[in-house]
Structure formats: structure tokens, C-alpha cells
Amino acid sequence: MVNPNHKVSVGIIFGGVSGEHEISLLSARSILAALNPQKYEIIQIYITQEGTWLSGEDMLTKVSQGHLKDSIPVALFADPTRPGVYRLTSFENAGKIDLLKEVDVIFPVLHGTFGEDGTVQGLFEMAGLAYVGAGVVASAVGMDKGIFKDVMRANGLPVVESRIFTRQEIIDHLDKVIENAEEVAPYPLFVKPANLGSSVGVSKCFNRSDLEKGLMDSARYDRRILVERGVEARELEVSVLGNEAPMVSLPGEIIPADEFYSYNAKYHDDRSQLLIPAPLDDDQTETARNLAIQCFKAVDGAGMARVDLLMDRNNGVIYINEINTIPGFTQISMYPKLWEISGISYSELVDRLIDLALERKAERQKTIYCYQREKSTR
Ligand SMILES: Nc1ncnc2c1ncn2[C@@H]1O[C@H](COP(=O)(O)OP(=O)(O)O)[C@@H](O)[C@H]1O
Ligand SMILES: [Mg+2]
């Protein structure tokens, strides 16, 4: 950096129009506490559940106390000649804007819809901003569990048998959908919305009546519903960090307090446990780590991701279940915990992610966006 006294200005965005809004606030709290104020100038941006962008000091306290009136409505522009966070000074009638602060890098701490699915990443790309984590394609592929599995299969990576049904098919031809779903694999089957997280709308079905209920329930949450083979599984998770040459952590293991790792088991039942690292033999550990890295590369991941695996208890086969491109990021979340045992502290991890975002932007700037005729040698 030219000026050693220049603080890197980081726009940290949290909240969002997502079922995982609250989880985002928890992740953001930990990240904000870890950002070194000597090194970074921080702009906090909170996106309300309705999608309004607000900025100010200590936004998390304002959110928890319901004091959002004291905050400033802000916006980012897709126009790269106007880099930075803009203040809307007369928000009611969208009257005036002015530059609040230029930003060097955005840290989206937005789990789920509009944050982890490539949509907000598209805005950052258009704005020419450096940002932490995966780009548009990796985010979108990681979000849609159906497309994700197709991409894994195309790369020869192991995933369980599955099939996508649409809400319309479920509503119009439930009997046919059930018949086709039962061809995927023997019970138990898992039914899940293709584009959600936190186990919302996920059900384990032991028979036709469960399946029917599961399909109807899932179809409330998404247009695309995945039915897949249920595995009697150990649940392993691996952290990936990097861009072109990513590093991969040791695997961790989840011991869910429920029949499976349901919403309740994830966030409310404190009997769920994380084993860090997972008790595995060397071969299993290496297989898990290899799958994680191959998965990351197959979706063109960047910055970070947590790759979740299912290991069949009966034969030890390991399947890739999903990739999370903005994994849970509290001090006690699996993603940072797995790095901690590899000697990367939470705050060092945040530093590295910001450096990786800047590195990726520099890489992107090598691409030209207009046709240049090759110089004639004649
Ligand atoms: N095919 C499967 N076999 C066994 N358990 C599964 C399967 N799919 C999902 N699960 C269970 O459901 C949980 C949530 O499903 P997952 O696909 O991870 O969706 P989410 O994005 O909501 O976390 C998993 O953590 C696991 O406990
Ligand atoms: Mg999951």
C-alpha cells in the first residue's frame, strides 16, 4: 500500500431480506468486534428485513433497541465511477444524495437470500468494488441445492441421488410427483426447498404420508423442491480459505440433538455438539478435505466457504451435501473454529478475508472489457 497510514475502509453489511436475518446479526457482532480499529475504518450498513439500507455508528445496538430513526439511509451505486457509500439526505422524497464514505472493500455478512445467492454480489461487481467471499456464479450455484448437485455430478463428485420438482408440479400433479419422488431412492427421503438454509422447510420422510406433507410444506418456501436419498449419516464440515490456491481445514463434525440437524437443533437445542476436529482416521480426513477443495473449485469459489459432507455410517462413503459461501461467522461457529485449530485466530481470519477480497479485485482488473485488436506483426 502506498500510504502506510491509510486505513482500509471496510463496508460491513448485515441483516438483509432473508430468513437468516437474525443469524447475520450474530455473525456481524463477532466480526465487528474482531476488526482492528488501528487498521480499518469501518462503515456499518444494516439492511432491514424490508430491504432498506441504513448506516450509522453501532448499528447493532440501534437494531436491538429499535432506534433505527437515528440512522442514515444509504445506497451503493452500480455505477463504478461513483464508488462509495452514498447518503440519501432527503429519503422520504428521494431528494438528495451525497458521498458519505468511499470504501475499499465490502464485507457482506448476509446469510441466505439476497446476500449469499449472488444477487448482492452482482451489485458489487457492477460497482467495481472489492468484496469478501464468492462471486456471482459460485454464490448462485451454492444457493440452489438442485443446480449445485448437477454441477457436482458433472465434475464427477459424489452427491446422493436427487430430483427437483417445481411448486406448480406439486400443486397440479401431486400423485405423479410422489410416484417420481419414490423412484429417487427407498425411504427415508429428504425433502427440502432448493434455495433456503438453516434447515427451514427440510423434512425427513419415512413413508408416503410424510412425503406428501413434506412436499406441501417445502413448496411454501420455494418454487423449486429437492427430493433426495436420506443417508444415515455422520455430518462433517470443512472450511476452505483462499482464491486461486485455497487452503482447507481439518473436518469438524456436528452431533445434532434431533433426528437430523433441524432448525431447532441448530439454534435452540444446546444439546447439539460440534466436534473439532472430527474423530476420523487419516484416510477419511484426507477424503473429506479433498472433496471440500474440489467442490470449492468446481463452483469457482473465492475467499471462503464451508463445505458440508454426509458420511454414510454403513459403508463410510462420503457425499458432498452443500456449500455455504457465507457460513455462520460467530466466534463459536464451525467455520472460524476450524481455522482456530489450524492456528488462524478469528481476527487473523477476518484480516485474511479482506486481503483476499482486495487480491481478487486486482485479479479482476486484469480483464479487459473492450475488444483490442492484436498488434499486427507485419
Ligand atoms: N440426504 C440427506 N441425508 C441425511 N440427512 C440429510 C440429508 N439432507 C439433509 N439432511 C439433514 O438435514 C439438515 C439440513 O439440510 P441441508 O441440506 O444441510 O440444508 P440447509 O441449507 O437448510 O442446512 C442437514 O444438516 C442434515 O442433518
Ligand atoms: Mg446445511
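Whatever order the structure lists them in is the order used to number ligands and atoms, beginning at 1. For the single chain, residues carry numbers from 1 onward in sequence order. This is a predicted model, so every value here is computed, not measured.
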For atom CD of Q65, is the number of surrounding heavy atoms from other residues, nucleotides or ligands below 6.0 Å larger than 12? yes
Pick from S199, S262, G19, P256: the one approaching atom 14 (C) of ligand 1 most closely through a non-hydrogen atom: S199
Given the rule in the salt bridge (charged side-chain N to carboxylate O under 4.0 Å, His left out) test, do R224 and D144 qualify, once you have shown the distances and angles that lead to the verdict? CA-CA 9 Å; R224 285 160 55 76; D144 186 298; 2.9 Å; yes
Using 30° and 60° as the class boundaries, would you call the ring planes of Y335 and F329 parallel, tilted or perpendicular? tilted
Within the 4.5 Å heavy-atom criterion, are I318 and L310 side-chain neighbours or not? no
Should the heavy atoms of other residues, nucleotides or ligands under 6.0 Å from CZ of R364 be counted, would the total exceed 12? yes
Give a yes or no on whether M247 atom CE has more than 12 heavy-atom contacts from other residues, nucleotides or ligands under 6.0 Å away. yes
Numbered in order shown, the ligand 1 atoms found under 4.0 Å of a heavy atom of N321 are 16 (P), 17 (O), 18 (O)
For S27 and S24, test the side chains for any donor-to-acceptor distance below 3.5 angstrom and give the result as yes or no. no
Protein contact of atom 13 (C) of ligand 1 - nearest heavy atom, named by residue and atom, plus distance: Y261 O, 3.7 Å
In the protein, what heavy atom is nearest to atom 12 (O) of ligand 1, and what distance, to one decimal place, separates them? F260 CD1, 3.2 Å
Ligand 1 to F190, heavy atom cutoff 4.0 Å, flagged ligand atoms 2 (C), 3 (N), 4 (C), 5 (N), 6 (C), 7 (C), 8 (N), 9 (C), 10 (N), 11 (C), 12 (O)
I'd like to know if the Mg ion (ligand 2) has an N/O/S atom from D308 within less than 2.8 Å of it, counting both backbone and side-chain atoms. no
Shortest protein heavy-atom distance from atom 20 (P) of ligand 1, along with the residue and atom involved: E322 OE2, 3.5 Å
Once the angle between the rings of F124 and Y131 is folded into 0 to 90°, is it parallel (under 30°), tilted (30 to 60°) or perpendicular (over 60°)? tilted
How far is atom 15 (O) of ligand 1 from the closest protein heavy atom, and which atom is that? K192 NZ, 4.0 Å
Taking the non-hydrogen atoms of L196, is any one of them nearer than 4.0 angstrom to ligand 1? yes
Please state which protein non-hydrogen atom is closest to atom 21 (O) of ligand 1 and give its distance, to 0.1 Å? K145 NZ, 2.7 Å
Of all N/O/S atoms in E322, the name of the one nearest the Mg ion (ligand 2): OE2
Write out the residue and atom name of the closest protein heavy atom to atom 4 (C) of ligand 1, then the distance separating them to 0.1 Å. V231 O, 3.1 Å
Measure the acute angle between the ring planes of F14 and Y46, then classify it against the limits of 30° and 60° as parallel, tilted or perpendicular. tilted
I'd like to know if E348 and R352 make a salt bridge, using a cut-off of under 4.0 Å between side-chain N and carboxylate O. yes
When you look at CD1 of I368, are more than 12 heavy atoms from neighbouring residues, nucleotides or ligands closer to it than 6.0 Å? yes
Closer than 4.0 Å to some heavy atom of L310 - which atoms of ligand 1 meet that? 1 (N), 2 (C), 3 (N), 7 (C)
Among non-hydrogen protein atoms, atom 23 (O) of ligand 1 lies closest to K266 NZ, 2.7 Å
Here the atoms of ligand 1 under 4.0 Å from any heavy atom belonging to R229 are 1 (N), 2 (C), 3 (N)
Mark the output for E232 as yes if a heavy-atom distance to ligand 1 is under 4.0 Å, and as no if none is. no
Does at least one non-hydrogen atom of A233 fall below 4.0 angstrom from an atom of ligand 1? no
Check each atom of ligand 1 against the heavy atoms of E228 and keep those under 4.0 Å away; list them by number with element. 1 (N), 2 (C), 7 (C), 8 (N)
Within 6.0 angstrom of R153 CZ, more than 12 heavy atoms from elsewhere: yes
Protein heavy atom at shortest distance from atom 25 (O) of ligand 1: E235 OE1, 2.7 Å
